[in-house]
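Convention: sequence-line order gives letters A, B, ...; per-chain numbering from 1. Model, not experiment: these values are computed from the prediction.
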Number of protein chains: 2
Amino acid sequence: MATVKVDTPRYIDKSGYMESEQAILALAALAQSTRLDVFRLLAKHEPEGLPAGDIAKALAVPQNTMSSHLAILSRAGLVTARRFSRSIVYRADLKAFQSVVLFMLRDCCDGRPEICGPLIEDLTPCCNPKPRTKAHV
Amino acid sequence: MATVKVDTPRYIDKSGYMESEQAILALAALAQSTRLDVFRLLAKHEPEGLPAGDIAKALAVPQNTMSSHLAILSRAGLVTARRFSRSIVYRADLKAFQSVVLFMLRDCCDGRPEICGPLIEDLTPCCNPKPRTKAHV
DNA sequence: ACGGTATTTCCAGAATTATCGAAATAGCGA
DNA sequence: TCGCTATTTCGATAATTCTGGAAATACCGT
């Protein structure tokens, strides 16, 4: 039977699981040294991005191997690709990255705020040295 | 055999930062639906923890399969195990989890604080209704 | 000691992932 | 059109991960 490919192998559509599924995709994408390096590199090169060839060269990985890694990151939503003439420029999707982090923290923090408070404290000096941001919560 | 059973968190290096290798281990551990469910479950059951059998039963997974998942989570430093008579009670290591999140955020935030500012804002109402140590940060 | 419970280890098969050479596709300039 | 560059897709192999049956280990009560 030549039916369509099922890409929902285990638990199907429960509406709450869609988010988990996507998060797992992102975690798996980052759980590999080359891809983690790629994301790091692309984050550093925001917002201009980098063409695929430059990424491969920078990390000393064959182009086709890099291409498959980039495809995995892209499928996970962590990077975006856009063609510029002959090059395909990849960019880190930092919003998506934030979503992954938020997913993780909600998973552990839900109902127990005391867990993430310290984390915010640790994070604040690192990521928000400016005294005040807009308080439009 | 004398397994590694150290009090000092193995996933933190001298500078207090999590190493990439350890972070990858943790990300890979969470990038699997059963294990993500396990961590969620254990986080929900902090600080009492749950015996291995209960975890297996709760998630409808054979005990030996669950045992290997728990070993992976443990190796990644995300859970701890302690024997209580016949049971081995597992607990989520939320500090380690926080380290993973911090690692990720440092990876993308380093040098560009404007990226994580919004994340802290999103996180604050969820996780930190009131600041813990009113430090001089 | 024994029997029962809780959990892990051993093992093996199935599935998935990583890697990369070779070929294919896409765009550009002449 | 041809040739060149940039990138991806194809295909195959090696490595790793997932799964669970069976056996082993650890503990407790009697």
Engineer: Go nucleotide by nucleotide along DNA chain C from the 5' end; which of A:Thr34 and A:Phe84 gets its closest nucleotide reached first?
Structural biologist: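 The 5'-side residue here is A:Thr34.
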
Engineer: State plainly whether one hydrophobic cluster holds both B:Val89 and B:Leu70, where clusters connect Ile, Leu, Val, Met, Phe, Trp and Tyr through side-chain heavy atoms under 4.5 angstrom apart.
Structural biologist: no

Engineer: Whole angstrom is fine here: how far is it from CD1 in B:Ile88 over to C1' in C:dT9?
Structural biologist: 12 Å

Engineer: Within the structure, does a side-chain N or O atom of A:Arg35 lie under 4.0 Å from either OP1 or OP2 of C:dA18?
Structural biologist: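 So the side-chain polar atoms of A:Arg35 do come within 4.0 Å of the phosphate oxygens OP1 or OP2 of C:dA18, strictly under.
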
Engineer: State the CG-OG1 distance between B:Leu59 and B:Thr34, to the nearest 0.5 angstrom.
Structural biologist: 7.0 Å

Engineer: Phosphate oxygens OP1/OP2 of D:dT8: is one of them under 4.0 Å from a side-chain N or O of A:Ser68?
Structural biologist: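 For A:Ser68, the contact criterion (side-chain N or O under 4.0 Å from OP1 or OP2 of D:dT8) is not met.
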
Engineer: Are any of the side-chain nitrogens in B:Asp37 or B:Arg40 under 4.0 Å away from the carboxylate oxygens of its partner?
Structural biologist: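 Here B:Asp37 pairs with B:Arg40 in a salt bridge, since their nearest N and O are under 4.0 Å apart.
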
Engineer: Ignoring backbone atoms, test whether B:Thr65 places a side-chain nitrogen or oxygen under 4.0 Å from the OP1 or OP2 oxygen of D:dG20.
Structural biologist: yes

Engineer: Quickly work out the B:Leu59 CG to C:dT7 C1' distance and round it to whole Å.
Structural biologist: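 After rounding, the gap between these two atoms is 16 Å.
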
Engineer: Assuming nearest nucleotide by heavy-atom distance, tell me which of B:Val89 and A:Arg86 is located more 5' along DNA chain C.
Structural biologist: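 Its nucleotide being nearer the 5' end, the pick is B:Val89.
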
Engineer: To the nearest Å, give me how far apart CG (B:Leu50) and P (C:dT7) are.
Structural biologist: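 After rounding, the reported distance stands at 10 Å.
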
Engineer: In whole angstroms, how far is the P atom of C:dT16 from the CD1 atom of B:Ile72?
Structural biologist: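 Atom-to-atom, B:Ile72 to C:dT16, this comes out as 16 Å.
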
Engineer: Whole angstroms only, please: what is the CG-C1' distance between B:Leu70 and D:dG20?
Structural biologist: 15 Å

Engineer: With a 4.0 Å limit, can you tell me whether A:Gln32 has a side-chain N or O closer than that to the phosphate oxygens OP1/OP2 of C:dT16?
Structural biologist: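 No, no such contact exists.
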
Engineer: Counting only side-chain nitrogens and oxygens, does B:His69 get under 4.0 Å of the OP1 or OP2 atom of D:dT19?
Structural biologist: yes

Engineer: Considering just the side-chain nitrogens and oxygens of A:Tyr90, establish if one lies under 4.0 Å of OP1 or OP2 belonging to D:dA6.
Structural biologist: no

Engineer: Kindly compute the distance separating CG (A:Leu105) from CG (B:Leu105), expressed to the nearest 0.5 Å.
Structural biologist: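 A:Leu105 atom CG to B:Leu105 atom CG measures 7.5 Å (nearest 0.5 Å).
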
Engineer: Within this structure, what is the CG-to-C1' distance between B:Asn64 and D:dG20, rounded to whole angstrom?
Structural biologist: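 Rounded to whole Å, this separation is 5 Å.
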
Engineer: Distance check: side-chain N/O of A:Ser67 vs OP1/OP2 of D:dT8, anything under 4.0 Å?
Structural biologist: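 For A:Ser67, the contact criterion (side-chain N or O under 4.0 Å from OP1 or OP2 of D:dT8) is met.
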
Engineer: In this structure, which one of B:Asp93, B:Leu30, B:Leu25 forms a side chain to side chain contact (heavy atoms under 4.5 Å, CB included) with B:Leu78?
Structural biologist: B:Leu30

Engineer: Calculate the interatomic distance between A:Arg83 atom CZ and D:dT5 atom P; express it in whole Å.
Structural biologist: 16 Å

Engineer: Return the value, rounded to whole Å, for the distance between atom CE of B:Met66 and atom P of D:dG20.
Structural biologist: 10 Å

